[in-house]
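Written below as structure tokens is the structure these notes are about.
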Amino acid sequence: MSVLRLAIPSPLRRLFDYLPPRDMNGSEAAGLQPGLRLSVPFGRRKVTGYLVEVCEDSDLPLAKLKHADALLDTVPLVPPTLLQLCDWAARYYHHPAAEVLGAAFPRPLREGKPHQPAGNPGWRLTTRGMGLPVGGLPRSPRQAEALALLQTAPAVSNARFRECGISAAVLRELCSKELVEKCTLAEAPMVPSSNPGLTLNREQAAVLSALLGVREGFSCHLLEGVTGAGKTEVYLQLITDCLARGRQALVLIPEIGLTPQTLDRFRARFNASIVVLHSGLGEAERYRSWEAARDGSAHIVIGTRSAVFTPLRAPGLIIVDEEHDGSYKQQDGFRYSARDVAVKRGQLEDVPVLLGSATPSLESLHNVGTGRYQLHRLRQRAGASALPTIAAVDLRRQALQAGLSGPLLTAIEHRLAAGQQVLLFLNRRGYAPTLQCHDCGWVAECRACDARLTVHRRPACLRCHHCGATHAIPRQCPDCHGASLMAAGLGTEQTEDFLRHRFGQWPIFRVDSDSMQGRHAMGELVAKINQGQPGILLGTQMLTKGHHFPAVGLVAVIDADAMLFSADFRGEERMAQLLTQVAGRAGRAGVPGEVMLQTHYPDHPAVQAMLNVEYGDQARAMLLNRQAAGMPPAGQLMIVRSDCSDPAYGEKFLQTLRDRVALPPGARLIGPLPSPMQRRAGKFRCQLILLAPDRRTVQLATGALVAQAEVMPARHGLKWSVDVDPQDLY
Ligand code: ADP
Ligand code: ZN
Ligand code: ZN
């Protein structure tokens, strides 16, 4: 008797056994392929399960097993390599297999809808129709035209018939004579081609030729190239080669809405089918893109994090741009790193993987050090532009207007007068981070989080940036009823107000998640900025991500101090990456660039490093410190988090877990401790941190902790999660 072992959407990290559907005979059942979807009863629900394997027997008595209701696919919809990838990810991240597999399917298929090939609907000749001579059907000119068209290709799409002015009615008449039949055209007939690229400089050419030398088989490469070095040009030329070999390229980028230029560059270079996958897509569009990637009609798949799980018919190359970017890590639910999954995928698909960044993560530099990745460097900017000069502005005892010092204001004026653009970086949206009573010191705090409320002016309200709660701005202090409430600290809205007042004759663009609502907002803004008129761009880190703004001559960091005193062990790395990326927006097209860092601590080592040491050397020094401290990427981390309406219960749960699990040698637990922001959206959060010298030990320890946690009762709405390779310790 065949038993079907399925992954079922459930919080449990185990598989479930079913008997085959009642209408299926034994040999059919034995031949079922992994990856097939089945509809099965689960508790009182009907759910979609994924076949993992067909077994001879079950650990449970067969009489206890339920029958699956129905087989949903005739062939597995995703290739075996992708199933292996999901299996690996479920094990590595200790996440329920069905949810991981779900990442490889669009929602309608996860929900058990039948698979419809997205191929073009069309018509082809029947055997009888093929017997007709060229110039047949002369008595009916419309039908004759249709026939003539069908005699030029194996099949013709409905769209093509419409273009030629042939109506569906004509085809139906031919169909009734059994001369034509309906079909789908599986693959786009398009043959991809590329427009000529730029003539590479010496460094770029060397990198490209090294990468072309390893185009077959798996290998992993880090392209460390300063901002504006022409990494994208290298990607494009590598993809040209990939397409010429009839293979597909998968390109991951951090955020598509923020970087419409990247897409434009791809579209301008290739006459090929490029599909885009990101969370902003409508369901139908997403499904079509997925299907095109799957059936091979898409030549280039560009997507954000989750696109790493897109099925590909003939992958040839995987690129992860801005590989250091934090958005590659999913921070809730299935907590995976798309960069790391991409590397694993390259290994399983046996294709090269290229990670690129001006500010590589310490993880990737570590992997270069251990020989897992090959390093390629671009040390110079492409074309004519040089790297910008960087200077600190000592803010001590300086008069500030909306956070801007005299020297900075003068520099802004000069640049505007010279017809250039200025980019001001302030990583705090809203008007002010705090509302305070000048009489008694009361501060507006969120009721649900351990956090202050941010003052917003447009629209006027107090908002929590952690749970989204919004309140009206009080007229008087709720504690002392005084009327001296004041907004303390600086946010982008406030600086914008000042800039409009002071530089009213120039356009001012504010770029943060409040001002950039809607899918096209960023694209429209980037288009305006790239007209090159002088003006000021003011924004949060949204402005720093990979943009190429040719007219920007001056970049200023309004509050560099905000980043100096991070408690997180990655704080220094993040600051160096962010500042280098911000600085990299300056002087990208010939205009000599200048960067000003406003700080009260010009002698702080991190500020000095920014001024005097290039990112690559800073990062390598930080890596040595991490290695000495046994912290990632040298040591490994995992966090078990609890989230509970009762603060004591969450901590007790983790304590019990800790007490009950015997750890493998070398593993060490810290905690349970309240998270740095303990209360968020009304829930109390605690964490247990696992430190281990290597991944194998993390895997063993995490397996033991998860197995124990799964059998422990969880009251008070307690939810727990595991985070392997966490990005943040909160
Ligand atoms: P990165 O991706 O490394 O930040 P880009 O690929 O965006 O750099 O290149 C920066 C600028 O330099 C772009 O305007 C690009 O067109 C230009 N560029 C890149 N390579 C060359 C080259 N070989 N010759 C001239 N200009 C180049
Ligand atoms: Zn008060
Ligand atoms: Zn809140």
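Numbers here are sequence positions counted from 1. Every number for a ligand or one of its atoms is a count from 1 in the order of the listing. Just the heavy atoms: all of them, side chains too, but no hydrogens, waters or symmetry mates, feed the values below. Treat the numbers as computed from the prediction; the structure is a model and nothing was measured.
Considering backbone and side-chain N/O of L198, none are found under 3.5 Å from N/O of ligand 1. For K231, a nitrogen or oxygen atom sits less than 3.5 Å from a nitrogen or oxygen atom of ligand 1, counting backbone and side chain alike.
Our summary of the site lists the angle at the Zn ion (ligand 2) between SG of C440 and SG of C480 as 110°, to the nearest 10 degrees. Here the angle centred on the Zn ion (ligand 3), running from SG of C449 over to SG of C467, is 110°, rounded to 10°.
At least one N/O/S atom of C437, whether from backbone or side chain, sits less than 2.8 Å from the Zn ion (ligand 2). Distances from the Zn ion (ligand 3) show that C446 has an N/O/S atom below 2.8 Å.
Ion pairing between R510 and D512 holds under the 4.0 Å rule for side-chain N and carboxylate O. Using a 4.0 Å cut-off between charged side-chain N and carboxylate O, R377 and E224 make a salt bridge. No salt bridge links D321 with K231; every basic N to acidic carboxylate O contact stays at or beyond 4.0 Å. Checked for salt-bridge contact, D643 and K719 miss the test: no charged N lies under 4.0 Å from a carboxylate O.
Considering R265, E203, E233, Q204 only, the shortest heavy-atom separation from atom 22 (C) of ligand 1 involves Q204. When the heavy-atom distances from atom 19 (C) of ligand 1 to G225, A229, S357, A382 are ranked, the shortest goes to A382.
Atom numbering of ligand 1 starts at 1 in the shown order; those under 4.0 Å from a heavy atom of N201 are 23 (N).
Annotation for R379: atom CZ does not count as buried by contact number, only 12 or fewer foreign heavy atoms lying within 6.0 Å.
The aromatic ring centroids of H456 and Y431 lie 6.0 Å or more from each other.
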